[in-house]
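Every heavy atom of this structure was used, including side-chain atoms; hydrogens, water molecules and symmetry mates were not. Just so it is clear, the structure is predicted and the values come from calculations on it, not from any experiment.
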Number of protein chains: 2
Amino acid sequence: MTRPSEVTRERITKAAERLFAERGYDGTSIRAIVAKARVNQAAINYHFDGKDGLYREVLRAAFRAMTEDQLAHAEEAKAMSREDALRAFIRRQLHPLMGRDEYSRYMRIFNWEAVRPTPVFRALVSEEAAPFMGLAANLVRRFLPGADPRTVTVASIWLIGQCSVFLRNREQLAQSPIGLVLDDAAVEWLAGLIGGWLVGGLGRQA
Amino acid sequence: MTRPSEVTRERITKAAERLFAERGYDGTSIRAIVAKARVNQAAINYHFDGKDGLYREVLRAAFRAMTEDQLAHAEEAKAMSREDALRAFIRRQLHPLMGRDEYSRYMRIFNWEAVRPTPVFRALVSEEAAPFMGLAANLVRRFLPGADPRTVTVASIWLIGQCSVFLRNREQLAQSPIGLVLDDAAVEWLAGLIGGWLVGGLGRQA
DNA sequence: CCGATTTTCAAACCTTCGTTTGAATTCCCA
DNA sequence: TGGGAATTCAAACGAAGGTTTGAAAATCGG
């Protein structure tokens, strides 16, 4: 692996990540990225095979960062009770709320995709979402044994959605009217709250 | 007022409203609008003084449609108890949830603006939001007499935000996992729910 | 029905976009 | 250290964007 070219790649992805988060895919030009990264314009085509390829790389990194924590603890969950596993899932799902602003950028990118998904995003999700969705589905099945696949899918999406409300609107919630700043303790409290509701709701349906 | 030219203007605004809602401001081209409206390309510059002017007109119509109902009932509210006035405010705020899909388009446009506000939107809000915000502020002051202006502003935004969650995510909420279809009765029920929370919350602070 | 005004139209203009090109430079291992 | 591969670079290309233009057509009051 050649060193200097890795530097170029990294400078491009860092600059692109920031600009895509701020202005969205269409609002970000190749020329703006290379100016911020202080790199030649053709470098994006050389290293990433075009703007789409670069965006795909940024999306992939964001997606991985948001799911790797869950996937890493998949085995532990099996040994826990379904209630504890669910609460642990929720807590990890809310984990990006604490700490680095790297996650804020990722959430902004996903917010852009929520308004109007790009083809790149659709393709990536259909490839990479499977293992993560499988995790949620396994959890759901412990509460709804014997449920048909369609019900499991729906319940999994619903489960993930419970947390994404807080993830998606983190910036707005933290601002003036609400001022919901979530430190470690607050996230723990929030996770307990949501976890309780979900255990109650899913338990009742079983 | 000349008739035929009004037809042209209306065809343009109708087509533009749909395209802006679907693809956002940047994603919508002049050429796409005139093709959908079956109108000459220069007509947009002639009638609206450019793309910005057209977008401004569409935004203004959307803004008016979403606030006119509240403003029309401003006088009635003064004769009601603060609790009833608050509940009526909430109910009217949720009103777009029922009925015409014209409102869905308006909400989609506002969703685009929520991710990254355009200069046109910022300017329009600073001009047209004042009377509507004043309405909410009056309501808040009945619960928080003697509160400083800043607190009133914050509380007003918070009050409006309680409803916008349901308005903004209407389409997603109606879809598969949640299936929250809000007919007249459901909106009435939801308004009572939110109204109760707010009366409780604000009442306690007074 | 005339003549001034308003409105439409096709074409071109200029800018910005993503991508391509081919030469120049740097890198790295044999 | 020399030579082939990898990487950088400035320039240009073609497509698509918003706007402008000036003439043709339609409109409408008198």
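For B:Asp69, the CG atom is densely surrounded, since the number of other residues' heavy atoms within 6.0 Å is greater than 12.
Looking at residues two or more places apart in sequence or on another chain, you find a side-chain contact (heavy atoms from CB on, under 4.5 Å) between A:Ala65 and A:Tyr103, A:Tyr106.
A cation-pi arrangement, defined by a distance under 6.0 Å to the six-membered ring centre and an angle within 45 degrees of its axis, is present between B:Arg9 and B:Phe48.
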Can you pull every protein N or O that's under 3.5 Å from an N or O on nucleotides 8-11 of chain D?
| residue | atom | partner | partner atom | Å |
| --- | --- | --- | --- | --- |
| D:dT8 | OP1 | A:Thr8 | OG1 | 2.4 |
| D:dT8 | OP2 | A:His47 | NE2 | 2.7 |
| D:dA10 | N7 | A:Asn40 | ND2 | 3.4 |

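Between A:Arg23 and A:Ala32 the shortest heavy-atom distance is NH1-CB, 4.4 Å. Scanning both residues, B:Asn40 and B:Val34, for their nearest heavy atoms gives O-CG1, 3.7 Å. Shown here for A:Arg91 and A:Ala191, the closest heavy-atom pair between the two residues is CA-CB, 3.9 Å.
Between B:Phe48 atom CZ and C:dT8 atom P there is a gap of 11 Å when expressed in whole angstrom units. Regarding A:Arg11, its CZ atom lies at a distance of 15 Å from the P atom of D:dT7, rounded to whole Å. Between the P atom of C:dG18 and the CG atom of A:Asp49 lies a distance of 15 Å, rounded to the nearest Å. What separates CG of A:Asn45 from P of C:dT19 is a distance of 5 Å, to the nearest Å. We find that CD of B:Glu6 is positioned 10 Å from P of C:dT8, with the value rounded to whole Å. One interatomic measurement links the two molecules: CD1 of A:Ile44 to P of D:dT7, which rounds to 16 Å at whole-angstrom precision. Rounded to whole Å, atom C1' of D:dG17 lies 8 Å from atom NZ of B:Lys51.
Remark: B:Lys78 engages B:Glu75 in a salt bridge, criterion side-chain N to carboxylate O under 4.0 Å.
Contacts with DNA chain C (heavy atom under 4.0 Å) in residues 20-32 of chain A: A:Thr28, A:Ser29, A:Ile30, A:Arg31, listed by number.
With contacts defined as side-chain heavy-atom distances shorter than 4.5 Å, the pair B:Arg60/B:Phe63 does not qualify.
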